[in-house]
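Below is one structure, written out as structure tokens; comments come after it.
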Amino acid sequence: MGNRLIGYGSYLPEKIFTNADFEKILDTTDEWIVTRTGMKVRHFAHKDETVVDMAAIAAKRAIENAKISADDIDMIIVASISTELDFPSIATQVQARLGMTKNQPAFDVRAACTGYIYAMHCARAFFATAIHRRILIIGAEKMSNVIDWTDRSTAVLFGDGAGALIFEHSTSSNTGIIDTAVFADGTGFDMLHGTTDRKITMNGPETYKKAVTLMPEAALHITRLAGITSDDIDWIIPHQANLRIIQSGAIRLGFPTEKIIVTVDKHGNTSSASGVLALADSLDNGRIKHGQLILYPAFGSGLTWGAALVRV
Ligand code: ACO
């Protein structure tokens with residue numbers, strides 16, 4: 001039992017925040033941010049715009065793109081770490097916003113920047129066991145809710161946005177979410193976590209070292225599992241944490257940089273939304289074409305990491 005991608009959608013808040021805007025509020029420079037991270041701009045939501053608002057818009061766009069109705073979906077999985085309310089889940093609130101009427105199950109996964117890979121992992125298991133036929137996966141973050149605006153070493157790194165993907169049951173095992181592998185090491189807590197007042201705290205250099213080893217490891221693990229080589233892969237969409245991490249991972253994998261999707265320059269690190277937004281952006285601009293195979297490595301707080309193989 002397999003699955004296939006039938007629709008996608010995304011949402012980026014209107015407000016664009018430049019590095020020059022950070023220069024006005026923090027002791028930083030455009031030059032530092034660009035050379036250390038590759039980030040130029042990111043989008044920030046309006047103060048009244050919630051994670052649920054963004055997730056619901058991305059979901060509606062994906063439903064339109066799939067040419068189905070909301071009730072055709074039979075499960076919602078949302079990946080996020082920056083929601084305003086601890087409960088209920090973002091997914092149940094999105095279900096209501098979409099006007100779904102069949103009590104379709106809906107839940108959130110919290111795996112930080114690996115969240116969208118964890119969501120795909122869950123979806124793959126439900127398809128493999130034929131429990132659900134159409135699953136909506138959303139990655140949505142309002143990182144501006146959890147940024148410590150006084151900490152220049154983390155504030156400049158993040159952005160807001162949401163992306164949504166709809167996968168449908170298929171008899172082909174070579175389309176949609178083909179394979180996933182996810183990992184966690186809770187002893188890495190101190191490297192990167194939220195504080196009790198819900199702000200990000202991070203040991204940047206230690207997180208960096210872990211990211212440049214664990215993302216390529218996850219990528220290699222999943223290609224070996226699937227019995228493929230880098231020649232079989234059309235694109236890599238790495239978690240968009242930092243351009244230097246992305247480039248270093250590509251070098252370690254011996255993967256040509258032209259095949260790597262980079263959106264960190266315009267989105268910043270949108271955590272659980274990053275890979276979904278990057279795919280939506282690349283399908284919109286025609287870089288990624290239907291039928292192509294994508295390798296998706298990710299890494300985040302937890303520590304969590306993993307990879308997915310997706311044929312779009
Ligand atoms: N502007 C100017 N200077 C700065 C800034 C800033 N915004 N931030 C830090 N600095 C300074 C530091 O204070 C330090 O100064 P010092 O040498 O006088 O002490 C200097 O720049 C170097 O700081 P480092 O932290 O060593 O800088 P580094 O080159 O490591 O880059 C960065 C920092 C970009 C954060 C990098 O470590 C990184 O990308 N880490 C990984 C982040 C990541 O992958 N997160 C993943 C997941 S996020 C999630 O799961 C939610």
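For ligands, and for the atoms within them, numbers begin at 1 and follow the listed sequence. Just so you know, these numbers come straight off a predicted model, no measurement behind them.
- For the residue pair Arg134 / Asn3, no side-chain donor-acceptor distance below 3.5 Å is found, with atom types taken as modelled.
- Under the 3.5 Å distance criterion, with hydrogens and angles disregarded, a donor-acceptor pair is assigned to the side chains of Asp71 and Thr101.
- At under 3.5 Å, a nitrogen or oxygen of Thr28, whether backbone or side chain, sits near a nitrogen or oxygen of ligand 1.
- For Asp72 and Arg133, the salt-bridge test fails: no basic side-chain N is under 4.0 Å from an acidic carboxylate O.
- Only the side chain of Ile245 comes within 4.0 Å of ligand 1, counting heavy atoms alone; its backbone N, CA, C and O stay farther away.
- Of all atoms in ligand 1, listed by their number and element, those nearer than 4.0 Å to a heavy atom of Ala241 are 44 (O).
- Distances below 4.0 Å separate heavy atoms of Gly300 from the following atoms of ligand 1: 50 (O).
- Within a 6.0 Å sphere centred on NZ of Lys199, heavy atoms belonging to other residues, nucleotides or ligands number more than 12.
- Every atom of ligand 1 is numbered from 1 in the order shown, and the set under 4.0 Å from a heavy atom of Ala112 is 50 (O).
- Residue Asn103 places its CG atom among 12 or fewer non-hydrogen atoms of other residues, nucleotides or ligands, all under 6.0 Å distant.
- The backbone N or O of Phe183 sits less than 3.5 Å from a side-chain atom of Tyr118, completing a donor-acceptor pair.
- The only option from Ile138, Val52, Ile90 that meets the side chain to side chain contact (heavy atoms under 4.5 Å, CB included) definition with Ser80 turns out to be Ile90.
- No donor-acceptor distance shorter than 3.5 angstrom exists from the side chain of Gln292 to the backbone of Trp235, with no hydrogens or angles considered.
- Geometrically, ligand 1 and Trp32 share a nitrogen or oxygen pair separated by less than 3.5 Å.
- Among all non-hydrogen protein atoms, the one lying nearest atom 26 (O) of ligand 1 is Pro205 CG, 3.7 Å.
- Contacts of Asn269 with ligand 1, taken as heavy-atom pairs under 4.0 Å, involve the side chain alone.
- Contact atoms of ligand 1 toward Leu192: 47 (C), 48 (S), 49 (C), 50 (O) (distance under 4.0 Å to a heavy atom of the residue).
- Among protein heavy atoms, the minimum distance from atom 11 (C) of ligand 1 is reached at Arg152 NH2, 3.6 Å.
- In this structure, atom 48 (S) of ligand 1 has protein heavy atoms in its sub-4.0 angstrom surroundings.
- When distances from atom 18 (O) of ligand 1 to the protein are checked, no heavy atom turns up under 4.0 Å.
- At a heavy-atom distance under 4.0 Å, atoms from both the backbone and the side chain of Ser153 approach ligand 1.
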Under the criterion side chain to side chain donor-acceptor pair (under 3.5 Å), I'd like the reasoning laid out for Thr270 against Glu141: C-alpha separation, chi angles, the key distance, then a yes or no. CA-CA 6 Å; Thr270 56; Glu141 299 285 14; over 6 Å; no
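- Of the N or O atoms in Gly204, one or more lie within a sub-3.5 Å distance of an N or O in ligand 1.
- The nearest protein atom to atom 28 (P) of ligand 1, hydrogens excluded, is given as Arg36 NH1, 3.5 Å; this is a heavy-atom distance.
- Atom CZ of Arg244 has more than 12 neighbouring heavy atoms from other residues, nucleotides or ligands inside a 6.0 Å radius.
- Of all protein heavy atoms, the one closest to atom 31 (O) of ligand 1 is Arg244 NH2, 3.4 Å.
- The nearest protein atom to atom 39 (O) of ligand 1, hydrogens excluded, is given as Asn242 ND2, 2.5 Å; this is a heavy-atom distance.
- Here Glu206 pairs with Lys209 in a salt bridge; the nearest charged N to carboxylate O distance falls below 4.0 Å.
- If you number the atoms of ligand 1 from 1 as listed, the ones under 4.0 Å from a heavy atom of Cys113 come out as 47 (C), 48 (S), 49 (C), 50 (O), 51 (C).
- Within the 4.0 Å cut-off (strictly below), no protein heavy atom is located near atom 14 (C) of ligand 1.
- Both Val146 and Met202 are members of a single hydrophobic cluster when ILVMFWY side chains are connected at heavy-atom separations under 4.5 Å.
- Ligand 1 is never approached by Ile33 to a heavy-atom distance shorter than 4.0 Å.
- In this structure, CZ in Phe158 is found 11.0 Å from OG in Ser274, a value given to the nearest 0.5 Å.
- Every residue meeting the salt bridge (Lys or Arg N to Asp or Glu O under 4.0 Å) condition with Arg124, not counting sequence neighbours, appears here in chain and number order: Asp179.
- Close approach of ligand 1 to Met202 is summarised as follows: ligand atoms under 4.0 Å from at least one heavy atom of the residue are 35 (C), 42 (C), 45 (N).
- Atom 43 (C) of ligand 1 has as its closest protein heavy atom Thr207 CG2, 3.8 Å.
- The shortest N or O to N or O distance between Thr37 and ligand 1 is not below 3.5 Å.
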